[in-house]
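Notes follow once the structure below has been shown.
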Amino acid sequence: MLGNKSINKDNHLEIAGCDVVSLAQTMGTPLYVYDEALLRSNMQEYEKSFRENYPHFSLAYAGKAFLCSALCSIIKEEDWWLDVVSGGEYYLASTANFPVEKIIFHGNNKTNEERRLVLREGVGRWVVDNEVELNLLLEEASSYASYKVPLFFRLTPGVDPHTHQYITTGKIDSKFGFLLGEAENAILKAIQSEDLEVWGLHCHIGSQIDHIEPFLKAAEVMLQFMVDFRKKHGFVFRELDLGGGLGVPYTDEEKSRFPSSHFYVKEISEKVKEMCGELSYPLPRLYIEPGRSVVNTAGSTIYRVGSVKEIPGIKKYVAVDGGMTDNPRPVLYGAKYQAHIGNRVAGEREKVSVVGKCCESGDVLIEEIELPSPSPGDVLVVEATGAYNYSMASNYNLIPRPGVVFIREGEPELVVRPENWYDLVRRDITPLE
Ligand code: LLP
């Protein structure tokens, strides 16, 4: 099992001390459930590791992994920054009273509306992704912003992290960021502008990365760029943001495959200190932007089993009341998950396929898993769904998206209500009779 889970005397699964059977009964299914204490301790572990290893740093949570107002409050309380990648994420954070001066604003194609909103309301660091964006910013900054816009420049360091190709971003062939050779002139233009302030550089090489070397390589390329730039132009970058990307286990089998956040922080800190020492470069303030490694293990999805179909000698399909609409990752990336029968954790097992309710044969959540004789009415719990599930959910087949519960000190609290059918039709414009 992953995270803070246990089996109680009734053979039920408990998440952070909460019986999933009563959760399913009282809150309904499907339901995203987060263990708040685990989520916070993941954040605190990062914080502690940096304190032990690096003099000045800022931790930014990548909101694309999972974001809601209740989480914004936690990020604020833990004193983290927040990385947003759209006007929508920015809007959610600002309406949840998250301080805009701690927001890092990303995006490879920020729209007029997004740019102008953020310029007007304020931002901690604006990550310039490309030349077109920089030119727009140079035109707009003085009219929309009453402050010098604090900038990072996103570079593609040309490092291949060997993860799924859809979540690789730092290679030369990427839609994100400036090529190293092209960044120089753009950065100089920004340095010369009265309306912009260049603080540092940014890179993000990919996601669900299971070894440290590509992060170290990326840090090396970025620092070398900083050193070369100083040599040519006499300008010192005060900050360096190495993005997110640390992977986490999704199943018990994968538990030993991933470096801990502590090891990751220690290694990148040492690399930066070592290179800065050798090249006599002032230590930049270091930022990282973890998403998945903060929230994934803290989240699970609770479903109710409905139809069970056995094809003798071939397969047993166990269908739940959600599927690719609340978790598109198996379909998109071939992601593997593990699950339990929440009302009968221990028991004689059989091989089954867990599928969703969408009108699509590919709607398979778990291709093959051994579970104790799943039957209609059982509660099925899929583990490690905290990242890129809620945030990537859809309304395919007009299926409402599940609500979100945070478990706080053993008590469940609904922090996002489930969608209802009315939510699905309320944007339709009724034709005039
Ligand atoms: N910073 C930037 C600029 C990013 O693009 C990302 C993720 C992160 C930080 C956070 O990365 P993390 O620590 O979560 O790996 N939908 C895919 C993941 C896409 C990640 C996109 N960028 C999935 O479900 O695996």
Side-chain angles (χ1 to χ4, degrees), residues 1-8 10-43 65-68 70-71 74 208 247-255 291-305 318 320-330 335-346 354-356 365-366 369 371-372 374 378-393 401-416 418:
M1 277 183 205
L2 301 164
N4 181 13
K5 301 199 181 70
S6 54
I7 309 174
N8 68 18
D10 299 319
N11 198 17
H12 291 182
L13 185 72
E14 288 192 353
I15 301 176
C18 251
D19 186 323
V20 296
V21 177
S22 44
L23 267 177
Q25 257 156 21
T26 53
M27 303 284 186
T29 56
L31 185 70
Y32 297 113
V33 179
Y34 285 83
D35 173 351
E36 181 176 324
L38 179 55
L39 194 156
R40 284 186 190 263
S41 85
N42 290 341
M43 298 181 101
F66 162 58
L67 198 63
C68 65
L71 183 56
I74 293 177
Q208 186 58 358
V248 286
Y250 278 69
T251 59
D252 291 330
E253 268 173 24
E254 289 183 340
K255 264 184 183 166
R292 192 188 316 261
S293 52
V294 173
V295 290
N296 200 53
T297 317
S300 308
T301 311
I302 302 185
Y303 303 95
R304 184 77 69 179
V305 174
V318 174
V320 295
D321 52 358
M324 64 187 281
T325 40
D326 57 77
N327 184 1
R329 300 194 69 261
K336 303 267 180 291
Y337 285 86
Q338 72 183 21
H340 307 279
I341 296 296
N343 50 300
R344 193 170 52 261
V345 187
V354 179
V355 297
L365 284 176
I366 306 176
I369 183 169
L371 288 173
D378 281 346
V379 172
L380 187 131
V381 181
V382 177
E383 293 193 85
T385 59
Y388 305 109
N389 272 227
Y390 173 84
S391 61
M392 290 175 72
R401 286 171 296 181
V404 180
V405 158
F406 279 8
I407 301 177
R408 303 188 149 136
E409 289 163 12
E411 291 301 320
E413 189 178 325
L414 189 68
V415 296
V416 181

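Quick note: residue numbers are just sequence positions, from 1. Below, each value reflects all heavy atoms present in this structure, side chains not excepted, and no hydrogens, waters or symmetry copies.
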Keeping the roles fixed (side chain from [X], backbone from [Y]), state whether a donor-acceptor pair exists under 3.5 Å.
{"X": "Arg344", "Y": "Pro372", "answer": "yes"}
{"X": "Tyr32", "Y": "Thr385", "answer": "no"}
{"X": "Asn327", "Y": "Met324", "answer": "no"}
{"X": "Asn42", "Y": "Arg40", "answer": "no"}
{"X": "Asp252", "Y": "Met1", "answer": "yes"}

Shortest non-hydrogen separation from [X] to [Y] and the atoms involved:
{"X": "Ile302", "Y": "Val33", "answer": "CD1-CG2, 3.6 Å"}
{"X": "Phe406", "Y": "Leu71", "answer": "CE2-N, 4.1 Å"}
{"X": "Pro412", "Y": "Val405", "answer": "CB-CG1, 3.7 Å"}
{"X": "Val416", "Y": "Cys68", "answer": "CG2-CB, 3.7 Å"}
{"X": "Leu31", "Y": "Gly403", "answer": "CD1-O, 3.7 Å"}
{"X": "Tyr303", "Y": "Val382", "answer": "CE1-CG2, 3.6 Å"}

query = With a 4.0 Å cut-off, would you call Glu383 and Lys5 a salt bridge?
reply = yes
Spatial distance of atom [atom1] ([X]) from atom [atom2] ([Y]) [nearest 0.5 Å]:
{"X": "Ile341", "Y": "Asp378", "atom1": "CD1", "atom2": "CG", "answer": "4.5 Å"}
{"X": "Met43", "Y": "Ser293", "atom1": "CE", "atom2": "OG", "answer": "10.0 Å"}
{"X": "His340", "Y": "Ser300", "atom1": "NE2", "atom2": "OG", "answer": "8.5 Å"}
{"X": "Thr251", "Y": "Leu2", "atom1": "OG1", "atom2": "CG", "answer": "7.0 Å"}
{"X": "Ile7", "Y": "His12", "atom1": "CD1", "atom2": "NE2", "answer": "11.5 Å"}
{"X": "Thr297", "Y": "Asp35", "atom1": "OG1", "atom2": "CG", "answer": "10.5 Å"}

request  = Start with the C-alpha gap between Gln208 and Val248, add the side-chain angles, then the distance that decides, and say whether side-chain contact (heavy atoms from CB on, under 4.5 Å) holds.
outcome  = CA-CA 7 Å; Gln208 186 58 358; Val248 286; 4.2 Å; yes
query = When the ring planes of Phe66 and Tyr34 are compared, do they come out parallel, tilted or perpendicular, using 30° and 60° as the limits?
reply = parallel
task = Evaluate the side-chain contact (heavy atoms from CB on, under 4.5 Å) criterion for residues Tyr250 and Asn296: first the C-alpha distance (whole Å), next the side-chain angles of each, then the deciding distance (0.1 Å), finally the verdict.
result = CA-CA 8 Å; Tyr250 278 69; Asn296 200 53; 3.2 Å; yes
query = Do the side chains of Leu371 and Val354 get nearer than 4.5 Å, heavy atoms only?
reply = yes
key: Verdict with supporting geometry, Thr301 and Val320, side-chain contact (heavy atoms from CB on, under 4.5 Å)   = CA-CA 11 Å; Thr301 311; Val320 295; over 6 Å; no
